[in-house]
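FYI, the numbering just counts along the sequence from 1.
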Amino acid sequence: MSRANRSLVGLALTCGAIALGAAAPGAARAESIVLAGGTVHPVSGPVIENGMVVMRDGKIEAVGTRLNVPPGAKVVSCEGRHVYPGMISALSVLGLTEVGSVVGTNDWQETGNVNPNVRAEVQINPESDLLPVTRVNGITSALVVPRGGAIAGTSALIHLDGWTEEDMTVRAPVGLHVIWPAMTPVRAWWETRSEEEQRRSRDAMIDSLKLAFDDARAYWKAREAESRDGVPRHDRDVKWEALGKALRGEIPVLIHASALNQIRAALRFVDEEKLPKVVLVGGDDAWRVADEIKRRNIAVICGATLELPPRRDEPYDDAMALPGKLAAAGVRFCISDGGGPFTAPNARNLPYHASMAAAYGLPKEEALKGVTLYPAQILGVADKLGSLEPGKIADVIVTNGDPLEIVTTVEQVYIAGKAVSMETRQTRLFHKYDERPRGAKARTHTMRPAGG
């Protein structure tokens, strides 16, 4: 990149157009930038017309009207634009998968049944082409969750920009992930095991869960006894070391369970193991036991709303209505896109999962919070992300409308106070083929690529 191009980053905008930040990922320190004149949506408070957001050294310094501009700050005109906090994908495998058909690019699933020592942050590929594609639609951070076995490992909340694991990681570990097995045998063409084999596999998985937590408690009891006279030192075991924070309640146990019988079995497990902090992931049938979930103060990371119901005899809008039902019952929730390997290439569609929930019973303001403030609260980073407030990390997006509307364009994304490039593999391919040689009958106009 030339020196002239680098100097364009953060210049004041004219004619209502947002200048693209072309800085490389993982800059050492963000500059001071003031977004001025736009409609500011803090999410945690009322909308501010003709507002200002002051960002300095990667943090939000002030939000309001007629604020003082720090010396040397770059003032970006956002007149006619809207300013929001960056959205948070509360469930994903971004950075762990790339091309589904190329095995070497997929690192989202481990072998073995008990893998609490798997750490998502050390597996992430910062060069993944899926990260820029996702962030240009306003998603600035994501909870990356490993899969595989009954205990899949610990997740990490990452920024979708950075050179290295250290650049990208906002918090790790965020939680220990338990994948609850299906309680009812599956009758489908792809399931080759008999019903009895499936039941045995289910029981074995649940037994391995209980045994893992028992072994971890015994390990930590032995470790804590080492300070006493005559007690020998015990060898370290990375598996049981990793379970310690969950047992002590320092991080939550995130239990992936969707069907009603799965949820009830998981709640019994929580009681038996006396787990202090729990989050339910998926939770398709969580609304059926909403009173109990609220009583236990368990939050729910809802799965995708843009999907069919899990059972043929259920209403078509079951998934779409789930966030609204939980909100009406007073259950803490946030919205995800399902977070599987097949949804990762379309992780940019997270805001439309929220807008679909708004179309089926969830208040519009709650839908926006469902992909900003609420995931930050559930993931334990509400002091850092989720809203535009002084002291928080400056993850900010500038749009020409409501980010939950598919016609809206995100015109600039700031991550940790730095304007990130809005270029993606998709925009590069568009421009490449838009500039190809043309015959006499070829079209002469150019089209603007979505999200570019």
Side-chain angles (χ1 to χ4, degrees), residues 25-26 86-113 115-179 190 254 256 258 281-282 301-307 335-353 371 375 379 415 420 423-429 451:
M87 287 177 274
I88 302 170
S89 177
L91 184 65
S92 80
V93 290
L94 285 169
L96 304 185
T97 185
E98 195 72 13
V99 182
S101 59
V102 181
V103 176
T105 70
N106 293 283
D107 195 23
W108 57 273
Q109 187 170 13
E110 296 296 324
T111 59
N113 204 34
N115 302 302
N117 51 304
V118 170
R119 298 161 52 207
E121 68 273 18
V122 301
Q123 298 176 283
I124 292 165
N125 172 23
E127 297 299 319
S128 170
D129 275 330
L130 301 185
L131 303 184
V133 171
T134 302
R135 73 181 179 226
V136 298
N137 207 30
I139 300 157
T140 55
S141 56
L143 183 74
V144 179
V145 180
R147 302 293 205 280
I151 301 180
T154 57
S155 55
L157 186 68
I158 65 163
H159 271 145
L160 301 189
D161 178 61
W163 288 103
T164 66
E165 164 202 335
E166 290 79 10
D167 288 338
M168 301 173 71
T169 302
V170 178
R171 184 184 181 192
V174 171
L176 177 76
H177 289 259
V178 169
I179 314 299
W190 46 263
L254 291 92
H256 296 240
S258 293
V281 181
I301 299 177
C302 299
T305 62
L306 299 172
E307 66 176 15
I335 298 169
S336 79
D337 65 1
F342 300 109
T343 62
N346 294 311
R348 64 183 179 274
N349 290 334
L350 174 66
Y352 314 134
H353 290 269
V371 289
L379 302 179
I415 295 181
V420 299
E423 182 184 59
T424 70
R425 182 171 185 270
Q426 295 175 355
T427 60
R428 291 194 299 271
L429 287 174

Verdict with supporting geometry, Asn349 and Asp337, side chain to side chain contact (heavy atoms under 4.5 Å, CB included): CA-CA 8 Å; Asn349 290 334; Asp337 65 1; over 6 Å; no
Under 4.5 Å between any side-chain heavy atoms of [X] and [Y], yes or no?
{"X": "Gln426", "Y": "Val136", "value": "no"}
{"X": "Leu379", "Y": "Ile301", "value": "yes"}
{"X": "Ser155", "Y": "His177", "value": "yes"}
{"X": "Pro351", "Y": "Asn137", "value": "yes"}
{"X": "Asn106", "Y": "Leu96", "value": "no"}

Please check: side-chain N/O of [X] versus main-chain N/O of [Y], any donor-acceptor pairing under 3.5 Å?
{"X": "Asp167", "Y": "Thr164", "value": "yes"}
{"X": "Thr305", "Y": "His353", "value": "yes"}
{"X": "Ser92", "Y": "Leu143", "value": "yes"}
{"X": "Asn113", "Y": "Ala150", "value": "yes"}
{"X": "Arg135", "Y": "Val420", "value": "no"}
{"X": "Ser336", "Y": "Cys302", "value": "yes"}
{"X": "Thr134", "Y": "Leu130", "value": "yes"}

Residues forming a salt bridge (charged side-chain N to carboxylate O under 4.0 Å, His left out) with Glu121, sequence neighbours excluded: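 Per chain and number, Glu121 pairs via salt bridge (charged side-chain N to carboxylate O under 4.0 Å, His left out) with Arg119.
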Test log, rule side chain to side chain contact (heavy atoms under 4.5 Å, CB included), inputs Ile124 and Glu165: CA-CA 7 Å; Ile124 292 165; Glu165 164 202 335; over 6 Å; no
Other residues, nucleotides, ligands: >12 heavy atoms within 6.0 Å of Arg428 CZ: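 Yes, CZ of Arg428 has more than 12 neighbouring heavy atoms, counting only those of other groups under 6.0 Å.
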Point-to-point distance, once rounded to the nearest 0.5 Å, from CG of Asn125 to OG1 of Thr105: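 If I round to the nearest 0.5 Å, the distance is 9.0 Å.
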Distance (rounded to the nearest 0.5 Å) between Arg348 CZ and Ser89 OG: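 It is 13.0 Å, given to the nearest 0.5 Å.
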Working for side chain to side chain contact (heavy atoms under 4.5 Å, CB included), residues Thr154 and Leu176: CA-CA 5 Å; Thr154 57; Leu176 177 76; 4.1 Å; yes
Under 3.5 Å side-chain donor-acceptor pair for Asn346 and Tyr352: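 No pair is found: no donor N or O on one side chain lies under 3.5 Å from an acceptor on the other.
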